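Below, chains carry the letters A, B, ... as their sequence lines are ordered, and counting in each starts from 1. What you are looking at is a predicted structure, and each value in this text was computed from that prediction instead of being measured.
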Number of protein chains: 2
Amino acid sequence: MAIRLKDIAADLGVSTITVSKVLRNQPDVGEATRRRVLQRVKELNYRPNLLARGLASGRSDTVGLIVPDLVHTFFAEFAKGLKAGLRQRGYQLVLASAEEEPQLEVEEIENLLARGVDALLLASCQTSTEGLRSLLESKRPYVLIDRVLPDLSSHFVGTDDVAAGLMATEHLIAGNRRRIAHIGNSELSTGADRFRGYQLALQAAGIPLSDSLIVQSARLEESGDTVGYAAMDKLLQSRQLPDAVFCYNDLSAVGAIKRILEAGLHVPNDIAVIGCGNLRLAAYLEVPLSSIDQNTTELGEQAASLTTSLLSGSSRPEPREVRIKPKVVARASTVGKL
Amino acid sequence: MAIRLKDIAADLGVSTITVSKVLRNQPDVGEATRRRVLQRVKELNYRPNLLARGLASGRSDTVGLIVPDLVHTFFAEFAKGLKAGLRQRGYQLVLASAEEEPQLEVEEIENLLARGVDALLLASCQTSTEGLRSLLESKRPYVLIDRVLPDLSSHFVGTDDVAAGLMATEHLIAGNRRRIAHIGNSELSTGADRFRGYQLALQAAGIPLSDSLIVQSARLEESGDTVGYAAMDKLLQSRQLPDAVFCYNDLSAVGAIKRILEAGLHVPNDIAVIGCGNLRLAAYLEVPLSSIDQNTTELGEQAASLTTSLLSGSSRPEPREVRIKPKVVARASTVGKL
DNA sequence: TCCTGCTACGTTAGCGGTAACGTATTGAGG
DNA sequence: CCTCAATACGTTACCGCTAACGTAGCAGGA
């Protein structure tokens with residue numbers, strides 16, 4: 001149906017391989033022939049069939065990215081940065097979303113592999129390595145994004161989440177807060193790391209940890225605001241109120257603030273709140289939200305760089321871990337007198 | 001490298017075509033053989049090579065979607081709904097983003113076609129039909145999403161944007177507003193339609209149009225809040241202030257509100273503001289934002305339905321246009337005394 | 001017994017490219 | 001004039017799968 005390489009070749013009276021070489025910028029083609037081919041290709045608006053090319057060559061110059069949810073702007077922004085970085089290096093991106101369902105993610109992995117991607121980037125929502133079987137068997141290079149998995153040492157690009165938790169908590173401490181609560185996600189490695197940073201910051205300041213100030217929820221990723229609301233509700237019932245909260249992400253912070261305000265308390269005067277992720281609208285909220293910025297575009301760029309280096313390097317290097325340092329963005333939700 | 005259909009066949013002492021038939025649920029295979037094949041496939045964790053399959057069969061049971069920008073949650077949500085709908089009907093989705101660049105969009109179109117998608121869904125940022133040449137030549141079915149293009153009658157799924165503009169403006173009129181401004185996007189069909197709805201509503205209410213109350217900007221899609229801010233700034237300089245503004249999207253509404261508050265005016269008492277799109281955080285903003293909800297998931301579902309029907313139907317039906325009716329979500333930015 | 005009509009399965013020929021090697025052609029050097 | 005190497009281009013054999021047709025084997029009717 002569509003025009004084929006063969007057609008161009010026949011048209012020009014040369015062999016298919018010659019056209020093929022021209023299209024791939026290979027040597028061993030005369031300058032005159034090369035020009036004739038390119039002109040005809042342009043005239044006919046010919047594009048090589050990527051299925052056939054991939055099948056014949058075993059490569060596709062394409063990498064796949066699977067994210068848990070594109071509605072999370074974090075992942076959408078990451079994909080944007082990644083794509084730009086890949087493009088610059090001559091690779092294409094195929095994007096898939098697992099919709100927060102581990103089983104769907106497994107299907108997407110197998111799907112992209114079956115489509116012949118050269119490498120796979122994976123922000124995984126798996127809870128074990130089980131589902132990655134196909135990926136591991138495929139021997140194709142892959143890079144974990146944002147979240148690591150237990151029992152799997154691999155290349156990784158993500159935020160320095162321990163630093164994120166540390167910086168957020170230090171920021172609260174610097175504002176003279178002492179009873180600092182945490183609304184966290186215990187299921188994801190990002191949640192565990194941020195919690196760890198929280199612990200380290202308290203420890204460094206000589207503030208004892210208090211279980212009554214910590215609420216962990218696994219569902220925080222999906223419906224942050226309602227979960228944050230519920231978690232804050234729980235915190236408000238403890239004997240002694242917190243004077244600050246570090247929330248796993250901005251959405252949960254938004255929910256938490258809602259609950260605080262409903263209780264007739266003031267943010268930040270009664271309770272300061274800081275989130276993580278620095279949503280675009282954070283500055284426009286009812287209480288402008290302090291947050292930790294993850295520099296998402298840089299993450300994408302780094303991921304592109306690492307992936308393409310894996311693809312070009314013949315050797316299989318040691319697992320490399322790239323952690324981007326985040327930064328605090330202070331807004332009204334933490335800046336105020338105690 | 002990976003395990004092939006041929007291996008399974010050899011392993012079982014049957015021919016490749018038999019295995020192929022089993023995998024595609026085709027008839028003419030004995031029940032016993034079928035079971036043996038399926039078991040072996042599962043044991044070996046075999047997955048057919050989609051490149052080879054697509055090349056041999058000419059179909060891929062895959063549709064492509066190209067959106068202008070995934071960071072727009074509207075498109076991310078649409079993709080989510082679409083994917084669910086396609087999946088349910090036995091199709092897969094391949095996602096691509098044009099990053100608001102028409103040239104990149106053209107490349108993505110050609111890319112997805114070269115990858116053998118059976119159909120293409122396109123939320124286009126083209127300004128003319130020029131860039132769609134490859135798509136049109138490919139003879140493959142396609143559906144425009146959200147935005148229509150001039151000089152191109154085709155299948156379409158999107159919001160009833162005239163109704164959106166109409167309902168938003170009527171809502172403002174119902175709140176006794178009379179000097180109703182509009183911050184719009186003149187470049188996209190959605191912007192033109194919403195503007196048209198705005199005009200119709202005013203006309204129906206007997207309110208004359210005033211050029212000094214209308215600000216159009218093409219850049220509204222990319223950086224809504226700053227453009228909205230600038231547009232509002234302009235409106236505040238007119239001799240007679242507006243008492244309401246209908247903004248093309250929520251982001252521009254956010255920017256507009258910021259400017260209004262900075263001027264020392266009250267929202268909605270001095271100026272009511274309504275946006276469009278109903279962002280997830282709309283209810284949590286400094287001034288909870290009234291908006292038009294587009295029922296994005298339903299859009300995705302409809303798009304899936306239309307596309308698969310095009311794919312299964314052998315005939316080429318008349319261009320079909322599906323317009324989803326939006327609804328008003330009233331919040332504090334419009335509800336208040338004048 | 002032979003023919004017919006199923007059912008179950010196989011053979012052959014690609015799909016549109018690419019890899020690896022093979023073969024002309026050319027010009028320089030002896 | 002011949003050799004030899006470099007250059008330009010072609011031949012052959014797949015890649016992994018499927019479409020379309022072919023054939024064997026069996027049951028049942030005449």
State whether A/Glu137 and B/Arg47 are salt-bridged, where the test is any N-O pair (Lys NZ or Arg NE/NH1/NH2 against Asp/Glu carboxylate O) under 4.0 Å. no

Distance check: side-chain N/O of B/Tyr46 vs OP1/OP2 of D/dC17, anything under 4.0 Å? yes

Identify which nucleotide among D/dG16, C/dT18, D/dT18 has an atom closest to any side-chain atom of A/Leu55, counting heavy atoms from C-beta outward. D/dG16

Phosphate OP1/OP2 of D/dC17 contacted by B/Arg4 side-chain N/O (<4.0 Å): no

Classify the nucleic acid contact of B/Ile17 as base, sugar-phosphate or nothing, counting any heavy atom under 4.0 Å across all strands shown. base

Just to confirm, is there a sub-4.0 Å distance from OP1 or OP2 of C/dG10 to any side-chain nitrogen or oxygen of B/Ser15? yes

Sorted by position of nearest nucleotide on DNA chain D, 5' first, the leading residue of B/Asp28 and B/Leu51 is B/Leu51

Sub-4.5 Å side-chain heavy-atom contact between A/Gln302 and A/Leu306: no

NA contact type, A/Asn49, heavy-atom cut-off 4.0 Å: base, sugar-phosphate, or nothing? sugar-phosphate

side-chain hydrogen bond (donor to acceptor under 3.5 Å, both in side chains) evaluation trace for A/Ser134 with B/Asn45: CA-CA 8 Å; A/Ser134 307; B/Asn45 196 27; 3.3 Å; yes

Does the side chain of B/Arg24 get closer than 4.0 angstrom to OP1 or OP2 of D/dA19 through an N or O atom? yes

Checking all strands, does A/Pro27 fall into the base, sugar-phosphate, or nothing category for heavy-atom contacts under 4.0 angstrom? nothing

